[in-house]
Each structure stands twice: as C-alpha cells, then as structure tokens.
Amino acid sequence: MTDVRELSDFQAKHSDQLARDALPCESDPVLKLQCASVSRAARMTGRKFKVADEKSSNQLFDEDYRPQDSRHFNVEASSTFVPQTSQTFDLNYADGSHLRGFSGVDQVYMGDYKATSPFGVITDCNSPDFNGVDGILGFGLPKAGSDMPTPVLFAMTDAENKDTNAAKLKRKFSFFSTDDAAEVQLGGYDPDTAHGTMWYTPALASDDFIVGATSLKFGDNYGSSIELLQFKSASQRQYGAPSIMDSGTSCLVIPADHMEGQLSNVPWDDFAKHWKKGRSFWLEVGQKTWEIPFSSWYLADTDQTCVQPSPAGMQGLLVGDVFFREYVVEFDMTGRRPIIGIAPLNKQYVPVTRNKLASFELEIAPKNKLSLLKGSEVMYPAEHSEALTQVDRIPIVNKKGTQYFMDVGIGTPRQPFTVIFDTGSTVFGVFTYKHQLPAKIKNQLPSYYFSQNLHTLEQVSVKVSAAPLMFSLPNSTSFVAGLVVLNVALIGVVLAVFRRSKVPRGADMSGVKTYGTV
C-alpha cells in the first residue's frame, strides 16, 4: 500500500487539476464519453456479466420462464397500494429478456426501516433468469432527468417523506461478500467488518459510483507484475480509466480494445497472454493499491476465471463481486458528489443472518479534504466521529459468489419478497399476476399487456458456452474476438419507455405527492 500524501503537497503538485470542475465525468469531454460508456454497461446489461457454466448457460436460453416459481405482489391485498397506470415501462435486453409493467406506490420495508416508496409492478417477463426470484432492487444513484421512480433508499431517507421512519438514516450503505454469504449495511458500516482503515475518494460523477483506475497490474507479485493499463500519456493517466463499483457484475471486466486510443495496449489481450493460476491483480485507485488475489477472481467451485473482456464501446472497467469478496465498500450519497470508501475486509467477521440495528462511533469520510479534490487523484483515511450513527445490518443471500438476493416487504399488510440486489441499477420492481389485477387497473393499462404473454414468445438469443481460461490462452486476435462476441451478446440495451397519458377519471392518486411522479 502506498502512503497517503499530505494535502498541501498534493495541492502544490496538482494545482492545474484542482482548478478543474469537481465532476470530471460531467466536464471533461473525453472522460464524459468514457464514463457514459461504463455507466451504460453497468445499468443496461441483461444479467450483468453473470458467470455461468455450460449447464446453466443452456438453461438460461433453453428453459422456459416459470412465473409459478416466484412470489407475486397481490395489489388487492394491500390497503395502501396506489397504482400509477399512466406510467408504464418496457425493459428490453439484447439477449431477448423483457420486463413489462407499470408503476405503483406503497409501503416498502427494508431491514428495520419502512417508508412510502415508488416501485415497479412487473406484469410480464420472459427470462428464466428470474425463475425463483421475486424481482430486483437497485441501490444505484438517480439519473438527472430520468423518468424512473425515485430509488428506494432516496425515498426512505427523504426528509420530506412524511411516511418514513428512516428520515434520519444517513444516505449511505456498505456492502461486502464472503464465499458463502454477504451483507448490506444501511447508514454507514460496522467497524468490525473492516480490517484496518477505511480510505475515501470522491466519485468522478454525481450519478454513478465511478472512480478512476490509474493502474491495473497482473502477476505473481507486485514487483514483477505487468501493467495492463498502459496509458499513452500522463494526462490520459491523470484520472485513469472510469471504473464502476458494481455488485450486479460478478467479475472484473477489463478493456478489450485500446479505449479509443487512450491505451497503447489491449488489456484483455495482455491478461490472456499472461494468464496463470495463482496470480493476483493490483488495482490502483486514488494512489492507493488494492490487491485482488487469485482466490477472489478464480471460482474454484466451477473451475472458472471471473475476468471478462469489455463489450464493444465500453471505455473503462466494471469492478464486480471479485472486489467485494476482499473489501468492504461504502457508498456515501449524503452530498451532491458521491464518496466511495474502501477498507480491507475482516475475514473473521461473520455476516448477520437476520436484521440487526446498532449504533457506532464511526470513522467517517474526511469531506473537507475531499472537497478540494477535483477528480479521483488521491484517497484519504477516515476521520473519527464521536457522534453515534445507526447502522442497520441486513443479510444478503450469496449464490455461488456471483449473485446476491435480499429480502424486502411491500404493502399493508406486509408481503415478503426476495429480490436481486444490485448497486449498479436504480430499478426496483416485483412481479404480479396481470390477469388477477382488479378490473379498474386492467382498464387503465394498454390492451396489448393482456393480449401478449412475454414468456410464451420466442426469446431471441444465442447459446453460449463458458470460456473458463483453464489453459494458456492463444494470443490471437480471432480467439480474443470470439470471446468478445460472446460477451457482447450478453449486453442488454435497455429501452425504458415510460408512456405518459392522461390519468383516467376516478384514478386513485391520493397520498402519492412527491413519490407519485416518476
């Protein structure tokens, strides 16, 4: 680990950087395009780069979607549900997956907290990826001008939301994983989960958890490792490659091209050429180096490599679950600019098996120092706070270290659901049986919602087989291109189409107010 630099030294050496806008992803023309590309990859993929062996890959495309395997929201059973049928959505993915539904508002329960919050009522699905799952819960940041509903964590912690018990909860959360369990912590992080200091750096964007990766090395040890991010110039290395911390991505996704001329090499080609069991990655963020050991990026149970080439057009990295198995990561959304905290995971810590609410004297982000930084150039250690902060620890189901599921409740009385947990998305929705909806709601929805059944339509897809790098890979363009094609086939181009129409007379819009507009 490199030592933290004194702020005065940093200011003297980087005065030109400090003069720039505080959000490089929104002001620097080149970086803006790169940030947008990784943001699209994180938000718009169908299955978020999930790893599958040959058997599960065949199931993914060949078996039918089985709605009977999932729990469905009963709108008539909830006395507090407010439909918003003027807001409908169709989410289409490149692999043929399709979600359709409308928006609603109801009581949402998460951990020890509850609040009135918007969510998606999913009436139709065709993807077997959702078999046995009740929906999806995104913890991502809202996009400016987006028509998507307010993310649930923002709705819960909104001081203007008069129907919440979480108004005083800090708008931040932490996440980490072990080999067989995981945990999300609302309001901060439990100090017992960290082995050492939590280091903080400001994000490069206001609406994504993007940090700059200025170096990515791979090898037997740090000294003899090769550099996978060979920037052509010091100015291009200044912010590094935009990288999103994303629990919805299983693996480490690295550039499969020259990043529009930013790099003199192709990182994926160099990784494939030097692949060998036992080797580690070293990721540099904010002048701090974080090791990703072989045990984290290699899935021993399935005999697979959890490193993947980026899809076409993506100019950066996706840092997925391989990182969360080594580090506890805090996502601080209390200010306009998100702050990312990273600390080595205490491997002796045992994730909770039920919700636990406690108060701690937390180590917090040094915001006065971070406010002077205009990019992800440096990380600073946490500062101690004597103020007690509530942290709600919520168990997460860990499926083979590649998928995470969380329990939530919706409605009055509370209806339980198990949903996919995803830090890279803002989508929150659960399934319902469309033919069991009240006539009043049916009449307000498009007629094709009921004339079509998505799960009976043919799913346009490609069959893929795993490419577990179990050998010394050929260093050929055609071989690497083939792997890239496989991953591009899994990239979802999400078309979120919210149709705005007049609210029919008699539509119940009472009690919606702030969270009724999506």
Side-chain angles (χ1 to χ4, degrees), residues 43 78 80-84 86-87 89 103-121 135-175 184-189 203 205-209 330-340 355 357 359 362 364-365 367 387-394 406 408-412 414 417 419 421-430 496 498 508-518:
R43 290 172 182 265
S78 175
T80 51
F81 175 70
V82 178
Q84 294 182 281
S86 61
Q87 309 296 329
F89 58 86
S103 294
V105 176
D106 208 337
Q107 286 287 304
V108 174
Y109 300 80
M110 189 167 58
D112 290 283
Y113 295 102
K114 70 168 186 172
T116 296
S117 175
F119 64 101
V121 183
I136 185 170
L137 174 62
F139 261 35
L141 290 153
K143 284 280 189 182
S146 172
D147 285 330
M148 298 298 288
T150 303
V152 63
L153 190 57
F154 279 73
M156 282 191 161
T157 55
D158 192 331
E160 295 183 6
N161 187 350
K162 303 194 184 308
D163 192 9
T164 178
N165 66 352
K168 294 183 178 180
L169 179 71
K170 298 292 184 182
R171 189 173 288 171
K172 59 175 74 173
F173 71 94
S174 299
F175 179 72
V184 62
Q185 300 175 348
L186 304 182
Y189 75 99
S206 63
D207 55 6
D208 261 316
F209 301 126
E330 181 179 86
F331 301 87
D332 187 333
M333 302 169 286
T334 56
R336 174 174 175 264
R337 183 176 186 177
I339 294 173
I340 308 298
N355 301 336
L357 184 64
S359 296
L362 291 182
I364 60 175
K367 293 188 176 181
L388 289 177
T389 301
Q390 282 196 332
V391 175
D392 195 12
R393 294 168 290 174
I394 303 174
M406 179 174 171
V408 298
I410 300 177
T412 306
R414 177 175 178 173
F417 301 99
V419 293
F421 174 76
D422 183 4
T423 61
S425 166
T426 60
V427 177
F428 173 34
V430 294
F498 278 77
D508 183 7
M509 301 298 289
S510 61
V512 177
K513 201 179 177 182
T514 303
Y515 304 104
T517 302
V518 295

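A quick note: this is a predicted structure, and the numbers were derived from the prediction, not measured.
- Separation of atoms CG (Leu169) and OG1 (Thr334) is listed at 11.5 Å; rounding is to 0.5 Å.
- Checking each of Asp332, Asp158, Thr157 against Arg171 for a side-chain hydrogen bond (donor to acceptor under 3.5 Å, both in side chains) leaves exactly one that passes, namely Thr157.
- Proximity of Pro118 to Ser103: side-chain heavy atoms (C-beta onward) are nowhere separated by under 4.5 Å.
- Between Met156 and Val108 the shortest heavy-atom distance is CE-O, 3.2 Å.
- When all heavy atoms of Gly411 and Asp106 are compared, the pair lying nearest together is CA-OD2, 3.4 Å.
- Ring planes of Phe173 and Phe421: perpendicular class, angle over 60° (limits at 30 and 60°).
- No donor-acceptor pair closer than 3.5 Å links the side chain of Ser174 to the backbone N or O of Gln185.
- Rounding to the nearest 0.5 angstrom, the gap separating the CD1 atom in Ile394 from the CG atom in Asp112 is 7.5 Å.
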side-chain contact (heavy atoms from CB on, under 4.5 Å) assessment of Leu153 paired with Phe139: CA-CA 7 Å; Leu153 190 57; Phe139 261 35; 4.3 Å; yes
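- Side-chain atoms of Asp163 and Gln107, non-hydrogen and from C-beta on, do get closer than 4.5 Å to each other.
- Distance check, rounded to the nearest 0.5 Å: CZ of Phe175 to CG of Asp422 gives 10.0 Å.
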Which is it for Ile340 and Phe331 under the side-chain contact (heavy atoms from CB on, under 4.5 Å) test, yes or no, and what are the steps along the way? CA-CA 5 Å; Ile340 308 298; Phe331 301 87; 3.9 Å; yes
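- Put simply, the side chain of Asn161 gets close to the backbone of Ala155: a donor and an acceptor are under 3.5 Å apart.
- Leu141 and Thr426 make their closest contact through O-CG2, 3.1 Å (heavy atoms, listed as atom of the first residue, atom of the second, distance).
- Ala166 and Tyr113 get closest at one heavy-atom pair: CB-CD2, 3.4 Å.
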Go through the steps for Leu137 and Met110 under the test side-chain contact (heavy atoms from CB on, under 4.5 Å), then give the verdict. CA-CA 11 Å; Leu137 174 62; Met110 189 167 58; 4.0 Å; yes
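- To the nearest 0.5 Å, the span separating CZ on Arg336 from OG on Ser206 amounts to 5.5 Å.
- The heavy-atom pair separating Phe81 from Ser78 by the smallest distance is N-OG, 3.5 Å.
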After noting the C-alpha distance and the side-chain angles of Thr164 and Thr116, does the key distance pass the side-chain contact (heavy atoms from CB on, under 4.5 Å) rule? CA-CA 6 Å; Thr164 178; Thr116 296; over 6 Å; no
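- Side-chain contact check for Met333 versus Phe154: some heavy-atom pair is nearer than 4.5 Å.
- When all heavy atoms are compared, the tightest approach of Phe89 to Gly120 is CE2-CA, 4.0 Å.
- Counting heavy atoms from C-beta outward, Ile410 and Phe417 have side chains that approach closer than 4.5 Å.
- Val121 has its side chain out of reach of Val430: every pair of non-hydrogen atoms, C-beta onward, lies at least 4.5 Å apart.
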